[in-house]
There are 2 protein chains.
Amino acid sequence: MTEQQKKILLVEDDPNFGTILKDYLIMNEYEVTHAKNGMEGFEKFKKDDFDLCILDVMMPYKDGFTLAKEIREKNTDVPIVFLTAKAMKEDVLKGYKVGADDYLNKPFDSEVLLMKIKAIMQRKATETVADSKQFQFKIGKFDLNSKLRFLTYDGGEQIKLSPKENELLRLLALHENDLMPRELALTKIWRDDNYFTSRSMDVYIAKLRKYLKLDPKVEILNIHGEGFRLVINSES
Amino acid sequence: MTEQQKKILLVEDDPNFGTILKDYLIMNEYEVTHAKNGMEGFEKFKKDDFDLCILDVMMPYKDGFTLAKEIREKNTDVPIVFLTAKAMKEDVLKGYKVGADDYLNKPFDSEVLLMKIKAIMQRKATETVADSKQFQFKIGKFDLNSKLRFLTYDGGEQIKLSPKENELLRLLALHENDLMPRELALTKIWRDDNYFTSRSMDVYIAKLRKYLKLDPKVEILNIHGEGFRLVINSES
DNA sequence: TTAGCATTTAACCTTACATTAACAAAAATG
DNA sequence: CATTTTTGTTAATGTAAGGTTAAATGCTAA
């Protein structure tokens, strides 16, 4: 892994603070593009690829959150850090919804900022695409997070899954619209294929069906003597 | 990241065995400091930074476990490997409590030692630097200052945290919204993974939950059989 | 030494999970 | 079409994990 200078987009309207921060980051081996407001920030964002965006929240013309939303539309991955005034606690949460990786109260300790930047870069570097996607499945209106063992319906309600429920649903999702052989689940999840484990599996199929009822387009069909099939119906 | 020679502190009283081992390690690109007993070992430890300590358990003046305890007081991170006589099974466990990363029965296969050393170094290398240096966390409306061990609610009320409370919360915050495996906390904080330490950890989880109740958006969720998850809910 | 902590251990309770049982329904089979 | 096999579903059971509180222990500093 070759060490390369990381590019940071800094959007901060206060000229004094902005310049100081920029210089500090450059001193610490980052390549910094400084924009003085949200509009300019977005223009610069479109023109280059950045490894990190640091956005002030309070800015004329276009505030940090709005800018973040626009950036997210273009690029879902780039880490975003917000700079906020100490007072605004609630807005901070709003920031998280936009997908902030972190935020800092002004004034802040520059060392802390540096640490956070490093931590974020590190995280991004190690979380390979394969890594994070392996556990995420879209099942109709549901999202299955197989690592944390929960099923989200339509971005809202969260259903906790037991280990067996989770593994079974994951296996079904892996074979979406296709046959998931009984035997496969039994050997992979139950590690044994006999009458009782088979009945146990049926019990789990029933549980999953109950959860999935929330979305009428999603169903688990049985293929007699063969296994099951997770289908997502397209017609309404 | 530049490859650099790793420093090993070897504390072993048997002059023959010690010298052979030292030479063997040097042959394998390690920088080795050899001490002949626990007293000397501690003196040398204080004078330098080591990447690994290899301690014989049976030694005159100061045994390996006692030395390890002293080393731990100075430095909680440095990996420790014990060399034990084949017989002592029980003592080995005692060693784990001190926070041993591994142990080896004498006589042992030098290849095995080398492998273990490599594995330990690797493990430490991936425990990111950023992680170990991060001490400030925003947890919903709370601010955790992990260095000074206190939790501030909404800029006002300050809650003092005990060392264990602090470390546990810090570990949870480091894994915010993600799984913090039980085992991780037990090995990192309690340095031992058994029924009682596990129950102790549960007690601390309860304490943290009590503190965190001030902000209803913050909760510690359990993932049965896996660990805990610190989540900050965005919706109100 | 004691007072004041932090931490562990203990006890007891609740919840979560997986399996098994029991019975109903559907599908296959001859 | 009667019978067997497979599947659907719900409930009961046993065990393990976690939650909570209090008491016991250990530690440290006055």
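Remember, it's a predicted structure, so these values are computed and weren't measured experimentally. Just so it is clear, the values below take in all heavy atoms, side chains as well, and ignore hydrogens, waters and symmetry mates. In what follows, chains carry the letters A, B, and so on, assigned in the order in which the sequence lines appear, proteins first and then strands, with residues in each chain numbered from 1.
- Comparing K210(B) and G227(B) by the nucleotide of DNA chain D whose heavy atom lies nearest to each, the residue mapping closer to the 5' end is G227(B).
- Relative to the side chain of R199(A), the nucleotides dT19(C), dG8(D), dT20(D) differ in distance, and dG8(D) lies closest.
- Ion pair D143(A)/K138(A) flagged as a salt bridge, since at least one NZ, NE, NH1 or NH2 atom sits closer than 4.0 Å to an Asp/Glu carboxylate oxygen.
- Ring geometry for F50(B) against F45(B) counts as parallel: the plane angle stays under 30°, on a 0 to 90° scale with 60° as the upper cut.
- The phosphate of dC17(C) has neither OP1 nor OP2 within less than 4.0 Å of any side-chain N or O from K207(A).
- Rounded to whole Å, the distance from NZ on K164(B) to C1' on dC27(D) is 12 Å.
- Rounding to the nearest 0.5 angstrom, the gap separating the CG atom in L221(A) from the CG atom in L179(A) is 11.0 Å.
- The phosphate of dA6(C) (OP1 or OP2) has no side-chain N or O of S162(B) nearer than 4.0 angstrom.
- Direction of the helix axis in the helix from dT1(C)-dA30(D) to dG30(C)-dC1(D) shifts by 30° between the two five-pair termini, rounded to 10°.
- Atom OH of Y195(B) is separated from atom C1' of dG19(D) by 12 Å (rounded to the nearest Å).
- When each of D178(B), L144(B), L208(B) is checked for a side-chain contact (heavy atoms from CB on, under 4.5 Å) with L172(B), only L208(B) meets the rule.
- Contacts of R182(B) with the nucleic acid, taken as non-hydrogen atoms under 4.0 Å apart, involve only primed sugar atoms and P, OP1 or OP2.
- In this entry the distance linking CG of L208(A) with P of dC17(C) reads 13 Å, nearest Å.
- Each of dA21(C), dG18(D), dG19(D) was ranked by its minimum atom distance to the side chain of V203(A); first place goes to dA21(C).
- One atom, CD1 of I159(A), and another, P of dC17(C), lie 13 Å apart when rounded to the nearest Å.
- When each of dT9(D), dT20(D), dT20(C) is scored by its nearest atom to the side-chain atoms of R209(B), the top-ranked nucleotide is dT20(D).
- Heavy atoms of K160(B) sit nowhere under 4.0 angstrom from any nucleic acid atom.
- What separates OH of Y204(B) from P of dT20(D) is a distance of 16 Å, to the nearest Å.
- In this structure, I223(B) and S200(B) both approach DNA chain C, and ranking their closest nucleotides by distance from the 5' end singles out S200(B).
- Look at OH on Y211(A): it is 10 Å from P on dA16(C), rounded to the nearest Å.
- Other residues, nucleotides and ligands contribute only 12 or fewer heavy atoms inside 6.0 Å of the NZ atom of K118(B).
- A salt bridge links D202(A) and R182(A); the closest N-O separation between the charged side-chain nitrogens and carboxylate oxygens is under 4.0 Å.
- Tested against K7(B) for a salt bridge (charged side-chain N to carboxylate O under 4.0 Å, His left out), the candidates D48(B), D49(B), D51(B) yield a single pass: D48(B).
- Remark: C1' of dA17(D) and CZ of R149(A) are 11 Å apart, rounded to the nearest angstrom.
- Set against dC17(C), dT7(C), dT7(D), the side chain of D202(A) has dT7(D) as its closest nucleotide.
- Distance, L169(B) CG to dA6(C) P: 15 Å, rounded to whole Å.
- Residue M180(A) holds its CE atom at 13.0 Å from CZ of R229(A), rounded to the nearest 0.5 Å.
- Residue W190(B) places no side-chain N or O under 4.0 Å from the OP1 or OP2 atom of dT7(C).
- Checking dT7(C), dC17(C), dT10(D) against every side-chain atom of H224(B), the shortest atom distance belongs to dC17(C).
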